[in-house]
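For reference, the structure is listed below as structure tokens.
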Amino acid sequence: MTFFIFLLACAAAASTGIIFKPGAWYDSLVKPSFTPPNWLFPVAWTIIYLLLAWAGYRLSLIPGSQMVLALWAAQIALNTLWTPVFFGAHRLVAGMVILAVLWLTVATMVVLAVQLDLITGLILFPYLAWLCVAAALNFSILRNNR
């Protein structure tokens, strides 16, 4: 049952991508050469959200994981916020700020998770890696589309 609570939180975050689609505005932006193909975004996020739910579930079973679970809650809130700010409001700077705070939150979460349980930390690592790509992409879009 606990796994499904984490999965529901991830589904809520994912739903912002359905509500605030990239659309013509995003297509018109100057993007860097390393921009992943459009089909990769939903595939990557589906995998990441499943891994996030699994990691949250595993953390909920570990005594002393309260701080990491608090970071889990913070990151899912930030994750949910980024899409309407970037794609909905077209706020590139605010999106970058949210993404920077999200990256720091997830990096801290990964470090603390690894200390509690190596497998859970490794489950979270692809998310951090994808956020590195997302941050580079957001920064490049911000720089090239003043």
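FYI, side chains are in, hydrogens and waters are out, and symmetry mates aren't considered; it's all heavy atoms of this structure. All residue numbers in this chain count up from 1 along the given sequence. Quick caveat, the model's predicted, so the values are computed rather than measured.
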### Message
Restricting to non-hydrogen atoms, name the atom on V114 and the atom on G121 that form the minimum distance, rounded to 0.1 Å.
### Response
CG2-CA, 3.6 Å
### Query
Can you tell me how far CG of L51 sits from OG1 of T120, rounded to the nearest 0.5 angstrom?
11.0 Å
### Task
Would you confirm whether N79, through its side chain, and Q75, through its main-chain N or O, come within 3.5 Å as a donor-acceptor pair?
no
### Query
For the residue pair P36 and W130, what are the closest heavy atoms and their distance?
CG-CH2, 4.1 Å
### Task
Look only at the side chain of S140 and the backbone of L137, and say whether a donor-acceptor pair between them is shorter than 3.5 Å.
no
### Query
Is there a side-chain contact between L131 and L102 (heavy atoms, below 4.5 Å)?
yes
### Query
Which heavy atom of M96 sits nearest a heavy atom of N138, and at what distance?
N-OD1, 3.6 Å
### Task
Compare all side-chain heavy atoms of Y127 with those of V110 and state whether any distance is below 4.5 angstrom.
no
### Query
Quick one: does V43's side chain get under 4.5 Å of W39's, heavy atoms only?
yes
### Query
Nearest 0.5 Å, what's the CG-CG distance between D27 and N38?
6.5 Å
#### Entry: Test item: F6 and L69 side chains (from C-beta on) under 4.5 Å apart, heavy atoms
yes
### Query
Out of curiosity, C10 SG to I76 CD1, how far, rounded to the nearest 0.5 Å?
4.0 Å
### Summary
CG (L128) and OG1 (T105) are apart, to the nearest 0.5 Å, by 11.0 Å
### Rounded distance (nearest 0.5 Å) linking atom CZ of R58 with atom CG of D117
4.5 Å
### Message
Starting from V93, can I reach F20 by hopping between I/L/V/M/F/W/Y residues whose side chains sit under 4.5 Å apart?
### Response
yes
### Query
Do I141 and V133 share a hydrophobic cluster, counting only Ile, Leu, Val, Met, Phe, Trp and Tyr and linking them when any side-chain heavy atoms are less than 4.5 Å apart?
no
### Message
Between W82 and F87, is the ring centroid distance below 6.0 Å?
### Response
yes
### Query
According to a 4.5 Å side-chain heavy-atom criterion applied to Ile, Leu, Val, Met, Phe, Trp and Tyr, with indirect links allowed, do F3 and W72 form part of one hydrophobic cluster?
yes
### Message
Hydrophobic cluster membership, with links at side-chain heavy-atom distances under 4.5 Å among I/L/V/M/F/W/Y: are L116 and I119 in one?
### Response
yes
### Message
How close do P84 and T16 get, counting heavy atoms only, and between which atoms?
### Response
CD-CB, 4.1 Å
#### Entry: Short side-chain to backbone donor-acceptor contact, W103 and I98, under 3.5 Å
no
### Query
Are W45 and Y49 close enough that their ring centres sit under 6.0 Å apart?
yes
### Query
Has the side chain of N145 got a donor or acceptor atom that lies under 3.5 Å from a matching backbone atom of V30?
yes
#### Entry: Residue pair P126 / L122: nearest heavy atoms and the distance that separates them
CD-O, 3.3 Å
### Query
What do you reckon, is OH of Y57 surrounded by more than 12 foreign heavy atoms closer than 6.0 Å?
no
### Message
Nearest 0.5 angstrom please: L104 CG to M109 CE, how far?
### Response
12.5 Å
### Query
Tell me, do L50 and L7 make a side-chain contact under 4.5 Å, heavy atoms counted?
yes
### Summary
Tightest non-hydrogen contact, residues T2 and S60, listed as CG2-OG, 3.5 Å
#### Entry: Hydrophobic cluster identity match, I123 and M67, side-chain contacts under 4.5 Å
yes
### Query
Counting only N and O atoms by type, is there a donor-acceptor contact under 3.5 Å from the side chain of T83 to the main-chain atoms of T80?
no
### Query
Under 6.0 Å from the six-membered ring centre of Y26 and within 45° of its axis: does the NZ or CZ of K21 meet both?
no
### Message
Can you confirm whether more than 12 heavy atoms, excluding those of F139, are under 6.0 Å from its CZ atom?
### Response
no
